[in-house]
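One structure is given below, encoded as structure tokens.
All values below were derived from every heavy atom in this structure, side-chain atoms included, with hydrogens, water molecules and symmetry-related copies excluded.
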Amino acid sequence: MNNSAPDASTIDHGDTPNPTQATTMAPQVIESQVMEPQVKKPKAPSARPSMKSRSSMNGPLYMQTSNNKVLIRRVRRKGDGPMRNLARWLLENQTGLSFNLIALIFLAHLCLPKARPYTSKYFTLSYYNPASGKYAIGSNDYHFISFCIILFTGLRAGLMEHALAPLARQWGISKRKEITRFSEQAWMLLYYCVFWTIGMYLYVKSPYFLNMKELWTGWPKRELDGLMKGYMLAQWAFWVQQVLVIHIEERRKDHYQMLTHHFITITLISASYCYHHTRVGNLILVLMDVVDLFLPLAKCLKYLGFSKLCDATFVVFMVSWFLARHVFYLMTCYSIYKDLPVIVPPGCFKGPSSNLTGPFPMPDGWSHFIEPFSEFEGTVCFDDRIRWWFLYCLLGLQAITIVWFFMIIQVAIRVIKGVGADDTRSDDEEEEGEEDEEFEYEEAQPLEEEVGVESIDLKGWERRTGVKRGASSSGVSLPGHSDRKELLGRIGCEKQVD
């Protein structure tokens, strides 16, 4: 489907409204009506004429009315406004914006040696300690997080548009929204296959593997391995990017639940990183991410039409959800409640890992609670208030997952009844979105344009149509075009303009 208007080369001399007028054309210049998609709203919103149209995934459709006017069909979306239009523009250009920004950073790094101390912090881990072989944390980590946000945005949009969507079409998915949903779920499956594997590797190789008390020993550890640091920062960036995604894409029924979930997750990841509780942060992420291996897989199988495999995968997903998010997760929360105050007594520490001082009593005021997010070698404290703050966030996340688990049970009942697994949160929303779409029509006005005689290829037109020109004293004659409707049919004006 080509959405561009026909140009002079495609309309040729057949644009004259009456074939008998062709004999009066001057040998040098021919006045022709060229249809260009210059939009003008119809003045009188009369009854909509009957028209034929074809569906298109992107862009407007040009249509021919009974009185030979070309109309442009556009979608009128509810709630259109400056912010929504900006979000739509970002959605449509996120691949180009992301990779242009990344290319700009690398070009500046390669071409401007003086800029390298500033550009390198975006794509390399900072604060390496050669003496210990580990990394400290600091403000440069925020540059790395911002780079990962841009990278994830570009990778997600690029893979969805150029790899996953074509793959969906090749595998037989034809509906536009099903292609989009398949691409989204396939991207999530790819992400979690990578990062759950990394997180599980870190957990299995750690001293706190299957040992809850080891989560808290030796606190605070001011330095951490490079893989652990990159893993935590990338997860932090991913969830920030997810907040951006749910705001630039079409909203679904559980928008505010997802937004609350994402904010709590970001808070927990950032606090565990800055408060040097990356061990428990790693464990929580592993428990939460394992579920997201099976849910995207089940959805992809559903869109591909493998209903039996989808139902079987959904059963595995449901079991993994219950065990990971409602058994082992609560065991971790219980360890925070019981083990943490015993192993980590109340107190504060200050200084780098090589010169750590403390514990000393808690200072007055509230500034020491936010200091770990800005002064990374400054004061970091722990007491019952901080412990309960972590617990409240974790239990808030648990409350959201309980609500979702009841929705999962509803889907399980559908599977038992033989209806099949279905995503009650998103697919129903898509159908409603399709019903809510409205269209508006705009008229494309013709423009007069002077076209030189050399631009008209009469011989080529003869070859395409099989019509021979006869001799005429007036210069040009078009036999076979005495009927105006036939002439319009030959140049395509009785059809929808592609």
Side-chain angles (χ1 to χ4, degrees), residues 188 191-192 195-196 199-200 203 208-216 231-232 235-236 238-240 242-243 246 252-275 277-296 298 314-344 369 382-413 423-426:
M188 297 297 286
Y191 174 83
Y192 286 113
F195 278 90
W196 181 82
M200 194 63 188
Y203 178 62
Y208 51 91
F209 178 62
L210 300 180
N211 188 347
M212 290 287 188
K213 293 183 178 181
E214 280 295 322
L215 292 171
W216 322 112
Y231 170 77
M232 293 296 295
Q235 289 273 37
W236 188 346
F238 173 77
W239 287 106
V240 174
Q242 285 296 293
V243 173
I246 66 173
R252 299 191 175 97
K253 289 180 179 179
D254 61 345
H255 172 82
Y256 290 106
Q257 294 177 20
M258 293 294 290
L259 186 62
T260 304
H261 170 274
H262 293 354
F263 276 128
I264 294 176
T265 303
I266 293 168
T267 301
L268 286 170
I269 293 175
S270 60
S272 66
Y273 183 78
C274 295
Y275 269 85
H277 284 298
T278 52
R279 290 183 172 186
V280 67
N282 170 223
L283 176 57
I284 292 294
L285 286 170
V286 166
L287 292 176
M288 299 296 283
D289 290 354
V290 65
V291 175
D292 291 315
L293 290 173
F294 302 108
L295 179 60
F314 183 80
V315 172
V316 177
F317 156 73
M318 188 174 178
V319 173
S320 67
W321 180 293
F322 178 76
L323 291 177
R325 296 190 174 184
H326 299 299
V327 177
F328 298 126
Y329 183 92
L330 290 177
M331 289 172 61
T332 307
C333 291
Y334 181 75
S335 180
I336 296 174
Y337 171 78
K338 183 180 179 181
D339 298 332
L340 182 55
V342 175
I343 299 174
V344 181
F369 290 111
F382 182 82
D383 65 355
D384 284 341
R385 289 174 293 180
I386 298 175
R387 178 170 63 97
W388 278 107
W389 181 81
F390 272 101
L391 272 175
Y392 287 146
C393 289
L394 289 168
L395 293 176
L397 205 59
Q398 178 69 191
I400 295 175
T401 57
I402 288 174
V403 172
W404 286 342
F405 190 64
F406 277 110
M407 298 174 69
I408 293 169
I409 293 175
Q410 293 177 356
V411 178
I413 294 174
D423 184 3
T424 59
R425 297 185 301 111
S426 57

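- Screening residues 264-273 for salt bridge (Lys or Arg N to Asp or Glu O under 4.0 Å), with sequence neighbours left out, gives no hits.
- Summarising the geometry, atom CG belonging to Leu285 is positioned 5.0 Å from atom CD1 belonging to Ile269; distances are rounded to the nearest 0.5 Å.
- Applying the ring pair (Phe, Tyr, Trp, His ring centres under 6.0 Å) test to Tyr203 and every residue at least two apart in sequence or in another chain returns Tyr208, Phe209.
- In terms of the ring pair (Phe, Tyr, Trp, His ring centres under 6.0 Å) criterion, residue partners of Trp216 (sequence neighbours excluded) are, by chain and number, His277.
- Judged purely by atom type and a 3.5 angstrom limit, Arg325 has no side-chain atom pairing as donor or acceptor with the backbone of Gln398.
- Residues forming a salt bridge (charged side-chain N to carboxylate O under 4.0 Å, His left out) with Asp339 (at least two apart in sequence, or on another chain): none.
- Evaluation of the side chain to side chain contact (heavy atoms under 4.5 Å, CB included) rule for Val327 yields Phe322, Leu323, Met331 as partners, not counting sequence neighbours.
- Across all non-hydrogen atoms, the minimal contact from Leu395 to Cys333 is CD2-SG, 4.5 Å.
- Rounded to the nearest 0.5 angstrom, Leu397 CG and Leu268 CG are separated by 6.5 Å.
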Verdict with supporting geometry, Met288 and Tyr192, side-chain contact (heavy atoms from CB on, under 4.5 Å) | CA-CA 10 Å; Met288 299 296 283; Tyr192 286 113; over 6 Å; no

side-chain contact (heavy atoms from CB on, under 4.5 Å) between Val316 and Val319, intermediate numbers included = CA-CA 5 Å; Val316 177; Val319 173; 5.9 Å; no

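- Taking each heavy atom of Tyr275 and Phe369 in turn, the nearest pair found is OH-O, 2.6 Å.
- The ring pair (Phe, Tyr, Trp, His ring centres under 6.0 Å) search around His262 returns Trp239, not counting sequence neighbours.
- Here the shortest heavy-atom pairing between Cys393 and Thr267 reads SG-CG2, 4.4 Å.
- Listed by chain and number, the residues in a side chain to side chain donor-acceptor pair (under 3.5 Å) with Tyr231 are Gln235 (sequence neighbours excluded).
- For Trp236 (side chain) and Ile266 (main-chain N/O), no donor-acceptor pair under 3.5 Å exists by modelled atom type.
- The distance from atom CZ of Phe314 to atom CZ of Phe294, rounded to the nearest 0.5 Å, is 13.0 Å.
- Side-chain atoms of Gln257 do not come within 3.5 Å of backbone N or O of Thr401 as any donor-acceptor pair.
- Take Ile409 and apply the side chain to side chain contact (heavy atoms under 4.5 Å, CB included) test, not counting sequence neighbours, and it matches Met318, Phe405, Phe406, Ile413.
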Any chance you could lay out the side-chain contact (heavy atoms from CB on, under 4.5 Å) test for Gln242 and Met258, step after step, and finish with the verdict?
-> CA-CA 9 Å; Gln242 285 296 293; Met258 293 294 290; 6.0 Å; no

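- For the residue pair Ala324 and Val291, the shortest heavy atom distance occurs at CB-CG2, 4.2 Å.
- Residues that satisfy the salt bridge (charged side-chain N to carboxylate O under 4.0 Å, His left out) test with Asp289, not counting sequence neighbours, are absent from this structure.
- Legend: salt bridge (Lys or Arg N to Asp or Glu O under 4.0 Å) pairs involving residues 386-401, not counting sequence neighbours, sorted by first then second residue: Asp384-Arg387.
- One finds the CH2 atom of Trp404 at 6.0 Å from the CH2 atom of Trp321 (value rounded to the nearest 0.5 Å).
- Put simply, CE on Met188 and CG on Leu295 are 9.0 Å apart, with the number rounded to the nearest 0.5 Å.
- Applying the ring pair (Phe, Tyr, Trp, His ring centres under 6.0 Å) criterion to Phe263, with sequence neighbours excluded, gives no partner residue.
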Go through Val403 and Asp254 one step at a time and tell me if the side-chain contact (heavy atoms from CB on, under 4.5 Å) criterion holds.
-> CA-CA 11 Å; Val403 172; Asp254 61 345; over 6 Å; no

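- Looking at residues two or more places apart in sequence or on another chain, you find a side chain to side chain contact (heavy atoms under 4.5 Å, CB included) between Thr332 and Met212, Val280, Leu283, Ile284, Leu287.
- For the pair Asp292 and Trp196, the minimum side-chain heavy-atom distance is 4.5 Å or more.
- A heavy-atom distance below 4.5 Å is not found between the side chains of Val290 and Val286.
- Among all heavy-atom pairs drawn from Gly281 and Ser272, the shortest one is CA-OG, 4.1 Å.
- Leu340 CG to Leu391 CG: the interatomic distance, rounded to the nearest 0.5 Å, is 8.5 Å.
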